[in-house]
Amino acid sequence: MSDLHLHEGLLRTRDAFARYLQDTPADAVLILGDLFEAWVGDDMRCQPFEAGCVRALRAFGERRHLAIMVGNRDFLLGGDMLHACAAHRLGDPTVLEAFGQRHLLIHGDSLCLADTSYLQFRAQVRQPAWQQAFLAAPLSARLDQARRMREASQAHQQQQAPEEWADVDEAAAEAWLDAAGAQTLVHGHTHRPGSTRFGGQQDGTARWRHVTMDWDLDHGSPRAEVLRLTAEGFSRLPVTA
């Protein structure tokens with residue numbers, strides 16, 4: 001799963017996520033980025049809303065395998081938060097070997113090559129010096145800055161139709177699959193959930209791309225889903241409020 005974008009305005013979404021973690025028979029839960037709408041440092045985990053999320057995550061992580069990849073919204077999620085959740089860090093990219101197949105897991109933002117302005121911003125905020133300076137500010141100041149950045153991002157998105165948002169570059173993704181020796185690509189970020197054939201290998205075997213669904217059970221048409229992998233392959237499991 002990915003792109004839950006949890007924050008205080010998504011209480012039904014948060015509760016559905018907590019119920020899923022409590023009830024799922026899955027052996028492992030892998031979160032491919034943007035679990036939170038904004039993450040300004042691991043001291044944020046003690047805020048009332050986030051503390052509730054930590055409790056739900058830890059209850060699962062203490063029983064089964066929980067792994068979290070950072071996304072473009074929560075790239076500052078670090079070791080203290082992972083420890084609090086009994087979670088493992090999931091690298092971006094990660095190759096998952098399961099049921100005789102290799103699957104390449106990414107958040108997806110790094111391959112949206114057409115979004116040049118974002119990639120420039122991404123390169124800046126992933127620098128250790130930038131992060132050290134940002135995290136040195138008081139929590140209240142970091143939260144305020146994150147709110148302003150989120151509002152600017154939302155205003156920019158409203159100027160474009162969803163189908164105009166940048167998508168993963170297919171040629172670059174195929175190169176990553178070749179390097180990983182993987183048959184399938186699994187990612188989020190683009191808010192275009194679905195499973196489609198994706199290019200092809202030299203032997204003619206078709207590849208697949210599985211895009212996870214963004215969650216929102218609080219506004220408009222409800223949507224929430226997990227991508228489940230079993231020995232029979234991938235399937236999509238709706239999550240309800």
Side-chain angles (χ1 to χ4, degrees), residues 1-10 14 17 29-58 61 65-95 104-157 165-166 168-169 172 176 179 187-190 214:
M1 67 180 75
S2 72
D3 300 281
L4 282 78
H5 295 276
L6 295 178
H7 61 85
E8 291 180 341
L10 294 180
R14 188 273 314 273
F17 174 59
V29 166
L30 310 181
I31 301 172
L32 304 186
D34 285 0
L35 173 59
F36 293 97
E37 172 68 3
W39 193 260
V40 299
D42 284 356
D43 51 346
M44 192 177 175
R45 71 188 186 279
C46 299
Q47 298 285 101
F49 176 85
E50 287 74 18
C53 296
V54 168
R55 287 192 293 271
L57 289 159
R58 186 172 187 85
H65 186 84
L66 173 65
I68 301 175
M69 179 185 294
V70 302
N72 56 296
R73 300 282 184 154
D74 54 9
F75 60 90
L76 287 173
L77 194 151
D80 289 345
M81 177 58 173
L82 292 172
H83 178 75
C85 297
H88 303 268
R89 180 178 298 280
L90 193 64
D92 185 1
T94 285
V95 175
L104 183 63
L105 313 181
I106 63 173
H107 177 59
D109 59 327
S110 58
L111 285 182
C112 290
L113 303 186
D115 195 352
T116 54
S117 59
Y118 164 71
L119 289 177
Q120 291 172 356
F121 170 78
R122 185 184 192 277
Q124 175 189 6
V125 300
R126 297 300 176 104
Q127 293 292 325
W130 185 95
Q131 295 185 7
Q132 183 177 4
F134 179 80
L135 293 172
L139 177 59
S140 59
R142 284 179 270 138
L143 289 169
D144 186 57
Q145 183 173 342
R147 177 186 56 79
R148 295 196 304 269
M149 293 169 66
R150 185 166 63 248
E151 290 172 352
S153 175
Q154 291 171 345
H156 176 70
Q157 287 182 345
W165 296 353
V168 162
D169 183 88
W176 280 33
H187 71 85
H189 180 66
T190 62
D214 55 302

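One-based numbering along the sequence shown. Computed from a prediction, not measured in an experiment: that's the story for all the values here.
Closest non-hydrogen pair, C53 versus L6, comes out as SG-CD1, 4.0 Å. Shown here for R58 and A84, the closest heavy-atom pair between the two residues is NH1-O, 2.9 Å. The shortest non-hydrogen separation linking L135 to G41 is CD2-CA, 3.7 Å. Closest approach of R122 to D92, counting heavy atoms only: NH2-OD2, 4.4 Å. Taking both residues in full, the closest heavy atoms of M81 and D42 are given as N-OD2, 3.0 Å, listed atom of the first, atom of the second, then distance. Counting all heavy atoms, side chain and backbone alike, L119 lies closest to L113 at CD1-CA, 3.8 Å.
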Criterion side chain to side chain contact (heavy atoms under 4.5 Å, CB included) on R142 and D43, from CA distance to verdict
CA-CA 11 Å; R142 284 179 270 138; D43 51 346; 2.7 Å; yes
- Item | Pair R45-E50, salt bridge (charged side-chain N to carboxylate O under 4.0 Å, His left out): steps then yes or no | CA-CA 5 Å; R45 71 188 186 279; E50 287 74 18; over 6 Å; no
Report the C-alpha separation of R89 and V70 in whole Å, then their side-chain angles, then the decisive distance to 0.1 Å, and conclude whether the side chain to side chain contact (heavy atoms under 4.5 Å, CB included) test is met.
-> CA-CA 8 Å; R89 180 178 298 280; V70 302; 4.1 Å; yes
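With H5 as the partner, the side-chain contact (heavy atoms from CB on, under 4.5 Å) test is satisfied by one option alone out of D74, D34, L35: D34. Residue F75 forms a side-chain contact (heavy atoms from CB on, under 4.5 Å) with just one option from Q131, H107, M69, and that option is Q131.
Ring-plane geometry between H88 and H65 is classed as parallel, the angle between the planes falling under 30 degrees on a 0 to 90 degree scale with a further cut at 60. By the 30° and 60° cut-offs, the orientation of the rings of F134 relative to W130 is parallel.
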